[in-house]
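Quick note on labels: first sequence line is chain A, next is B, and so on, each numbered from 1. Source: prediction; values computed, not measured.
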Amino acid sequence: MRLSRYFLPVLKEIPSEAQIVSHRLMLRAGMIKQQAAGIYSWLPMGFKVLRRLEQIVHEEQLRAGHLPMLMPTIQSADLWRESNRYEAYGPEMLRMRDRHDRDLLYGPTNEEMITDIFRAHVSTYKELPLTLYHIQWKFRDEIRPRFGVMRGREFFMKDGYNFDLSKEDALHAYNRHFVSYLRTYERLGLQAIPMRADSGPIGGEDTHEFLVLAETGESKVHYDSKVTEIRLGEREINYDDVDQCKSILEEFTALYARTEETHSEAEFTHIPVERRRSARGIEVGQIFYFGTKYSEPMRAVVQNAEGQTVPVHMGSHGIGVSRLAAAVIEASHDEAGIIWPEAVTPFHCGIVNLKQGDKTTDAACETLYEKITQCGLEPLYDDRVERAGAKFATIDLIGLPWRITVGPRGLKNSVVELTSRRTGKSEECPPEMIPDKLTKIYKRTDDHPSA
RNA sequence: CGGGGCGUAGCGCAGUCUGGUAGCGCACCUGUUUUGGGAACAGGGGGUCGGGAGUUCGAAUCUCUCCGCCCCGACCA
């Protein structure tokens, strides 16, 4: 993409409504524009990041064997009356009425709807286990939306639902999600710590939240500092392996890590003093096992091998995709702006032409642009007629992980500069070598399952 | 919902107390000179002062009312 043809309304000054760093940077980098309290437009570059996050979440769900689908944003109130949540959900639910006076709502979550789909089409245990998910906009009419897309009223969420014959099967689904979530966050370059949490209005027995540590996080958390040393890493995972999934869950939950709601001071004091940590975190996901809470009232039942009709065991699982954009920025930025992890960056590199209009530098940039594009990578070429400082400031602000600086000074020696946004370190090399270097860098994060 | 604050050009703000018909910086347009970390100069375009009602010869400014947004608190991906 050529910057001169792109729509990237960057701001030099910080809009006054933004309090936290991710919100400020998303506004300054021209990623989002507020349309109402807690409701945002995603401008081209923000949208690009959102789609990359969505893509990675999809890939990891597919890898775990979960099936993508799409449910509508608007739901009928009748379904919610069946589960008795229409009244129980309270004013957080945005209710509306159509021209025939039918009660509708903008879905805050989809347990009822997925259960409706399940009961309409599944009647035998032979179709189990089944896990369906979608990535769709939700609306929760928060009392006080804030912090940009971190706590929007409208937000983009992956929500999945598993249906199993027995509690044991459903707990495996729980563990499987646990592992797939860990993998998802690690791919995004985020450290998200699983913590035992409170089940809230979704209800249920077992639940873990995944939290990214950040000063601006809204949740208070308490943990043993050793949990931050555990990584999933490159290990092979077989999502059908019940024991493996269980042992990974046990490995990650053996050490103390709780949100404020489930915190126990008594247990906390068993941790050696130097390892006790109380901090704040951003909740980027949560998984639940809730048994037959919805399947019983909504009659989502199957016949088992003995011919008995039994309610299915269910769980639900969510990742806040739009919130992830803010969480990544909270976890990865500096004074100059955003620092995108390679996995989610909107463009793979920026090409900065220091002397736009100069035949030699223009030609060098064009060639680089073409060659890099041919490698399947997407460069953002700053071809504006601007001074070097302005171009550097823009490219730093929007946070592309790699910058290629092309100027007459370097070209005299047949070199361009490759600079890491994260470390600030530069190396000079002939432009012909750049595509290969970038390809190697991105090979590490280019991790698509065949699905 | 309780408490606090704000609404003036795309963004950041002054002007409001003490009424006299709107200004500054950035951004934008034109030109000249510049050009390896947000250039300088000159010229220029852009505003129903959140909406409505009232007071007044006259309202961004005073009064009433509605709307929107932000911050602190209880709830949540």
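The base-pairing partner of B/A53, taking Watson-Crick or G-U wobble contacts with both distances under 3.5 Å, is B/U63. In a base pair of the Watson-Crick type (N1 to N3 plus N6-O4 or O6-N4) or a G-U wobble (N1-O2 and O6-N3), with each distance short of 3.5 Å, B/A39 is matched with B/U33. Pairing of B/G47, defined by two Watson-Crick or G-U wobble distances under 3.5 Å, is not identified with any nucleotide. If you check B/A27 for Watson-Crick or wobble pairing at under 3.5 angstrom, you find it has no partner at all.
Between A/Lys158 and A/Glu60 there is no salt bridge, since none of the side-chain N atoms of the basic residue sits less than 4.0 Å from a carboxylate O of the acidic one. Classification of A/Lys293 and A/Glu111 as a salt-bridged pair fails, no side-chain N sitting under 4.0 Å from a carboxylate O. Here A/Glu366 pairs with A/Arg2 in a salt bridge; the nearest charged N to carboxylate O distance falls below 4.0 Å.
For the pair A/Lys355 NZ and B/U35 C1', the interatomic distance rounds to 8 Å; values are reported in whole Å. Rounded to whole Å, atom C1' of B/C1 lies 13 Å from atom CD of A/Glu92. The distance from atom CD1 of A/Ile135 to atom C1' of B/A77 is 13 Å, rounded to the nearest whole Å. Separating the CD atom of A/Glu13 from the C1' atom of B/C28 is a distance of 14 Å, rounded to the nearest angstrom. When rounded to the nearest whole Å, the span between CD1 of A/Ile20 and P of B/C70 equals 13 Å.
Shown here for A/Ile404 and A/Leu418, the closest heavy-atom pair between the two residues is CG1-CD1, 3.8 Å.
Comparing the C1' positions of B/U56 and B/U21 gives a spacing of 14 Å, expressed to the nearest Å. Taking the P atoms as reference points, B/G15 lies 29 Å from B/U55, given to the whole Å. Comparing the P positions of B/G52 and B/U61 gives a spacing of 12 Å, expressed to the nearest Å. For the C1' atoms, the distance from B/C72 to B/C49 is 29 Å, rounded to whole Å. The separation of B/U65 from B/G3, taken at their P atoms, amounts to 16 Å, rounded to a whole angstrom. Atom name C1', nucleotides B/C17 and B/G47: the rounded distance is 24 Å, in whole Å.
Picking from B/A77, B/G38, B/C70 the nucleotide with the shortest atom distance to the side chain of A/Glu17 gives B/C70. Here the side chain of A/Arg323 is nearest to one of B/A77, B/A27, B/C75, namely B/A77. Taking every side-chain heavy atom of A/Ala393 into account, B/G38 is the closest of B/C75, B/G38, B/C72. Nearest to the side-chain atoms of A/Arg387 among the listed nucleotides B/C75, B/U35, B/C26 stands B/U35. Of the candidate nucleotides B/G38, B/C11, B/G37, B/G38 has the atom nearest to the side chain of A/Lys12. The side chain of A/Phe288 lies closest to B/A77 when the candidates are B/A77, B/G25, B/G36. Nearest nucleotide to the side chain of A/Gln19, out of B/C26, B/A77, B/C70: B/C70. Counting only heavy atoms from C-beta on, A/Ala388 has its side chain closest to B/G36 among B/G36, B/C70, B/C26. For A/Thr394, whose side chain is taken as the heavy atoms from C-beta onward, the closest listed nucleotide among B/C70, B/U35, B/G38 is B/G38. In the set B/G37, B/A77, B/C75, B/G37 carries the atom at the smallest distance from any side-chain atom of A/Asp396.
Between B/C75 and A/Arg144, no contact under 4.0 Å exists linking OP1 or OP2 to a side-chain N or O. The phosphate of B/C26 has neither OP1 nor OP2 within less than 4.0 Å of any side-chain N or O from A/Arg28. Within the 4.0 Å cut-off from OP1 or OP2 of B/C11, not a single side-chain nitrogen or oxygen of A/Ser16 is found. A/Gln34 has a side-chain polar atom (N or O) that falls below the 4.0 Å cut-off from OP1 or OP2 of B/C70.
The base of B/G36 is paired with the side chain of A/Glu417 by a donor and an acceptor separated by under 3.5 Å. Scanning atom types as modelled, one donor and one acceptor separated by under 3.5 angstrom connect the side chain of A/Arg403 and the base of B/G37.
When the nearest nucleotides of RNA chain B are assigned to A/Val149 and A/Thr405 by heavy-atom distance, the more 5′-ward of the two goes with A/Thr405.
In summary, the aromatic rings of A/Tyr174 and A/Tyr289 are positioned with their centroids too far apart to meet the 6.0 Å limit.
The cationic atom of A/Arg176 (NZ for Lys, CZ for Arg) does not lie both less than 6.0 Å from the six-membered ring centre of A/Tyr239 and within 45° of the ring axis. In this structure, A/Arg95 is not positioned above the aromatic face of A/Tyr89 in the sense of NZ or CZ being under 6.0 Å from the six-membered ring centre and within 45° of the axis.
Residue-nucleotide stacking is not present for A/Phe392 and B/G36, judged by a side-chain ring centre under 5.5 Å from the six-membered base ring centre and planes under 30° apart.
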